[in-house]
Amino acid sequence: MNLDDLNIEQRNAVTQMKGPIMIVAGAGSGKTRTLTYRIAHLLQQGVSPYNIIALTFTNKAAKEMKDRIIDLVGVQANALLAGTFHSIFSRILRQEGYKIGYDKNYTIYDDDDSKKLIADIVKGLNLDDKNYRKGKVLSRISQAKCALFSPMDYENRPDFIAEDEKSNMGMLYKVYQIYQNRLRQSMAMDFDDILFNMNILLRDCKDVKEKLQRRFEYILVDEYQDTNYSQYLIVKKLAEYHRNICVVGDDAQSIYSFRGANISNILNFNKDYPDATTYKLEQNYRSTKNIINAANSIIAHNENQIPKTIWTANDDGSLLSYKALSSDREEADWVGRKIATDIEAGEVGKEIAILYRTNSQSRAFEDSLRLKNIPYIIYSGTSFYSRKEIKDVLAYLRLVVNHRDDEAFLRIINYPARGIGATTMDRLKIASQTMESSLFETAERLTFDNAFNISKRAVQTLIDFCTMINSFTIRIDSVDAYTLGKEIVQRSGIKTELSLMKDTEDKDRLENVEELLVGMQSFVENDEENIVDSLTGEEISIKDKTLDVFLQQISLMTSTDVDENDSEGKVKLMTIHAAKGLEFNNVYVVGMEENLFPSAMSFATRDDIEEERRLFYVAVTRARKHLYLSSAKMRFRNGELSFTETSRFVGEIDKKYLLSEDTRETSPLRVKEKINFSYTPREKERTTITLKKKQPLTTLHHNVLTEKKTTTTINLKPKGVVEEDDWRLADFAEVEPGVKVRHSKFGCGVVVSTEVVDRDKRAVVDFFQFGNKTLILKFAKLEIKEN
DNA sequence: ACTCCTTGGGTTTTT
DNA sequence: CCCAAGGAGT
């Protein structure tokens, strides 16, 4: 390790051994390098890796950091505790949680489980699910938890209750309370509980608190600007004894306030630690001057920020570019073509990224890249693990590990079908409430002459089911995850169920299940995962490859925790949020439109729009060499065609650094200058057509094209109905599939499809009396009904 | 009990 | 558009 690799500010931050440190690290300022060197330096100074904890934003970031430290100072660094808040503290809770009433094998509920549970509670309380929408309820509960309000605290806050009443959710405190009880009963935690319970553990168990405080002589927190109150407090408590806490962050990159991140954590660091040293890393090593200057001009529009000047000694590089395309399809096509030329010019795929605001934007770019045979990979959170068949298998695994996991039980008790229907389930639920035990334990104890009217046949089925699950459970500790998983898939009947099906769709499902098993296999065979026993203090490395550990690991995976081998050479597609902390030579930031980016949801407050701007700042600063912005003037969103306006953010970039090309004036598809106008056919009658459609499918290891049944809905009026009023000449852009039009010769019809050939838009129209006709819109004077 | 289909509602970002 | 829930028919 050579400290000369660092600039003076970095070196000072690396070598200060004692006391609290805040590193305000601008984008690309060598933050990771500084953290890495700091840990390596500590180790060289004789600090045991066992006494260091590094909290990062993704598991991948932790792993990379560890690898780099190993390169610097050797394998001893393997014993370092590094990972996300959720993964590290969930591990500690596995060991110590029994002190606050949690088994070692507690389940982590994902959002889906939580929402189902909430829906059930809302139903049980006879509340209107229109008012108590599960997403809203969950996010409200989440907010409360992140700020460490227990259900009891919540109930005693008139201001919270009043706020809830305003949105017709006055009973939310009750829902929260029951939700928490039910989680407990199921021996489950949601994501926020991991942090909440870690706080409880530190508050109520003095022995644990002191042990951890003493152990973590050095604490490092990355992306500190995105920690919430709950995380903040954990860190603060852990640091109380040694006070060697080092936080790294950039207020300009705070983009997670929607999940409780509190920017004041970083702004107030000096209040908590008056003796803290602040280091500012302002030299950017990543990007060209043009990119940095442009980024600075953007963020200058925000009022709230720590003053700093990011600069770079790198070359000017090329100007940023902005291109306005006429439609979302064309935008995707343009980006695809541009990427093809990037690659021809010698750029490697993995150094190119397409960044967007919302996940739903990815599809168009997938299609475009596939058409051009450019390999790509999408980083989208849970796309693989949220597939039905995968969730089914995981539910088996979860129930095997934790019998009290009611959501898992509900999911698979009748999958594959074994004749347990709604009636039996209703009775079993009543039984479980009466007996105050989980569904599984209730089922297990049922007798043929039970008091709940459950039929003999059903009782037998339930007991058989429990016996099967139990036969797996007893082997958890003696068999590795892969072996057990394979057996479960086989013996549960899932494999048979899926392989009996003839549809290509079901074949894909089977393949996905196999893929999951492959994932389990590599989990078992991968030797890198080291677990330091935080309970005994022994520096041991357990290769714990059991099912419960596997489940825990995948439930806390982040979207970018993808095996590097799988992304090799591939263009990367992800949301800007997911791109945080990453960098690429060429970056395409797409969908630069008002209402999309900035999101329409952000217009309410200045804070929200500032957060969107920080998000844009993050996007821009991902690029090393080239940055391309693009937008589409027409975009299909939620089944509607809408006309867009260029994002205000484009205009906020200092013109000196931007080459702007807007095809608005020359487009053959010029539309009325009507801002954010969107057109919905007035007719509500729908026809639903089921058709097979090729569509991309992202599995664990590759992207493939699969056939999927989709239902397409077309709005149309019943044949023969003619209306005489309110017709007007149609704009080209309004003529889109599904729209009803009128022609002077052919009468009324419905647009079947449209295409643009040589700048001319054509439409195939199915006329009620004359059948399909292809019309060139320039000549055909089509009319549309005014709405 | 199960399946298919209609209907309705929502729609940012994620551990 | 996409998903989920509920209804109707088997």
Side-chain angles (χ1 to χ4, degrees), chain A residues 55-59 83-90 108-112 114-116 119 123 129-130 133-136 138-139 142 145-146 189-195 223 226-228 230-231 255-261 328 355-361 363 379-382 386 388 414-425 457-458 461 554-561 574-580 591 595-602 608 611-612 614-615 618-619 635-642 680 684-690 708-715 738:
Chain A
L55 295 158
T56 58
F57 208 70
T58 66
N59 297 304
T84 63
F85 276 85
H86 286 86
S87 65
I88 289 186
F89 296 128
S90 73
I108 298 168
Y109 270 16
D110 64 17
D111 268 16
D112 232 48
S114 295
K115 282 179 186 166
K116 281 189 180 148
K123 208 175 186 177
D129 59 3
K130 300 274 183 304
R133 279 197 254 98
K134 44 191 193 296
K136 287 241 168 71
L138 182 61
S139 83
S142 170
K145 282 188 189 175
C146 290
M189 295 189 200
D190 66 15
F191 290 126
D192 303 314
D193 283 336
I194 294 171
L195 305 174
E223 309 282 7
D226 280 322
T227 52
N228 60 36
S230 182
Q231 292 168 315
I255 54 174
Y256 278 100
S257 72
F258 68 90
R259 72 177 203 216
D328 43 8
L355 308 182
Y356 34 78
R357 177 68 236 266
T358 65
N359 282 305
S360 59
Q361 286 166 261
R363 173 59 73 79
Y379 293 81
S380 67
T382 52
S386 63
K388 182 194 171 297
N414 204 30
Y415 180 80
R418 46 174 73 83
I420 302 291
T423 319
T424 305
M425 276 318 295
R457 218 179 90 111
T461 311
I554 63 160
S555 57
L556 295 174
M557 277 228 284
T558 61
S559 55
T560 44
D561 291 339
M574 66 187 89
T575 63
I576 303 167
H577 282 90
K580 190 165 91 135
N595 292 326
L596 181 60
F597 191 25
S599 153
M601 318 288 279
S602 70
D608 286 343
E611 176 146 325
E612 293 282 305
R614 291 193 294 269
L615 192 58
V618 168
R635 174 179 298 280
F636 260 110
R637 264 186 103 185
N638 312 326
E640 276 182 6
L641 181 68
S642 58
T680 324
K684 275 297 168 208
E685 288 80 356
R686 302 155 128 185
T687 297
T688 305
I689 305 163
T690 303
K708 198 195 165 191
K709 266 188 215 157
T710 41
T711 56
T712 299
T713 310
I714 298 175
N715 292 310

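Keep in mind that the numbers below use all heavy atoms, side chains included, and drop hydrogens, waters and symmetry copies. In what follows, every chain begins at residue 1, and chains take the letters A, B, ... in the order their sequences are listed.
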Face-to-face contact A/F258 to B/dT13 six-ring, under 5.5 Å, under 30°: yes
Which whole-number value in Å describes the distance from A/Y379 OH to B/dT15 P? 14 Å
For A/M574 and B/dT15, give me the distance from atom CE to atom P, rounded to whole Å. 13 Å
Write down the distance between NZ (A/K134) and C1' (B/dG8), rounded to a whole number of angstrom. 12 Å
A/R133 side-chain N/O to B/dG9 phosphate OP1/OP2 under 4.0 Å: no
Heavy-atom donor-acceptor pair, A/R259 side-chain to B/dT15 base, under 3.5 Å: no
In whole Å, I'd like the distance from the OH atom of A/Y356 to the P atom of B/dT14. 9 Å
How is A/S87 classified with respect to the nucleic acid when contacts are heavy atoms under 4.0 Å: base, sugar-phosphate, or nothing? nothing
Look at the side-chain N and O atoms of A/N59 and state whether any lies under 4.0 Å from the OP1 or OP2 oxygen of B/dT15. no
Contact class for A/F597 vs. all strands (heavy atom < 4.0 Å): base, sugar-phosphate, or nothing? nothing
Is the phosphate of B/dA1, meaning OP1 or OP2, less than 4.0 Å from a side-chain N or O of A/T424? yes
Given atom CD1 of A/I255 and atom C1' of B/dT15, what is their separation to the nearest angstrom? 13 Å
Can you confirm whether the side chains of A/S602 and A/S599 place a donor and an acceptor under 3.5 Å from each other? no
Assign A/G135 to base, sugar-phosphate, or nothing according to its heavy-atom contacts below 4.0 angstrom with the strands shown. nothing
Which nucleotide, B/dT15, B/dT12, B/dT14, lies nearest any side-chain atom of A/M601? B/dT12
Have a look at A/N414 and say if it touches a base, only the backbone sugar-phosphate, or nothing, with a 4.0 Å heavy-atom cut-off. sugar-phosphate
Side-chain (A/S139) to main-chain (A/K136) donor-acceptor, under 3.5 angstrom: yes
In whole Å, what is the span from the CD1 atom of A/I576 to the C1' atom of B/dT12? 11 Å
CG of A/L138 to CG of A/D190, rounded to nearest 0.5 Å, is 7.0 Å
Taking A/D129 for its side chain and A/R133 for its backbone only, find out whether a donor-acceptor pair lies under 3.5 Å. no
Residue closer to the 5' end of DNA chain B, A/N638 versus A/D192 (nearest nucleotide): A/N638
Polar side-chain atom of A/Q231 near backbone of A/F85 as donor-acceptor pair, under 3.5 Å: no
Take atom CZ of A/R357 and atom P of B/dT14, then tell me their distance rounded to the nearest Å. 9 Å
Measure from the side chain of A/H86, starting at C-beta and using heavy atoms only, and say which of B/dA1, B/dT15, B/dG9 lies closest. B/dT15
What is the distance, rounded to the nearest whole Å, between atom NZ of A/K136 and atom C1' of B/dT12? 13 Å
Between A/N359 and B/dT14, is there a side-chain N or O to OP1/OP2 distance below 4.0 Å? yes
Considering every strand and a 4.0 Å limit on heavy-atom distances, what is the contact class for A/A600: base, sugar-phosphate, or nothing? nothing
Ranking A/I420 and A/S360 by the position along DNA chain B of their nearest nucleotide, the one closer to 5' is A/I420
Do the side chain of A/S642 and the main chain of A/R635 share a donor and acceptor less than 3.5 angstrom apart? yes
Rounding to an integer number of angstrom, what distance separates B/dT13 and C/dA4 when you compare their P atoms? 15 Å
Kindly point out which of B/dG9, B/dT14, B/dT12 is positioned nearest to the side chain of A/T575? B/dT14
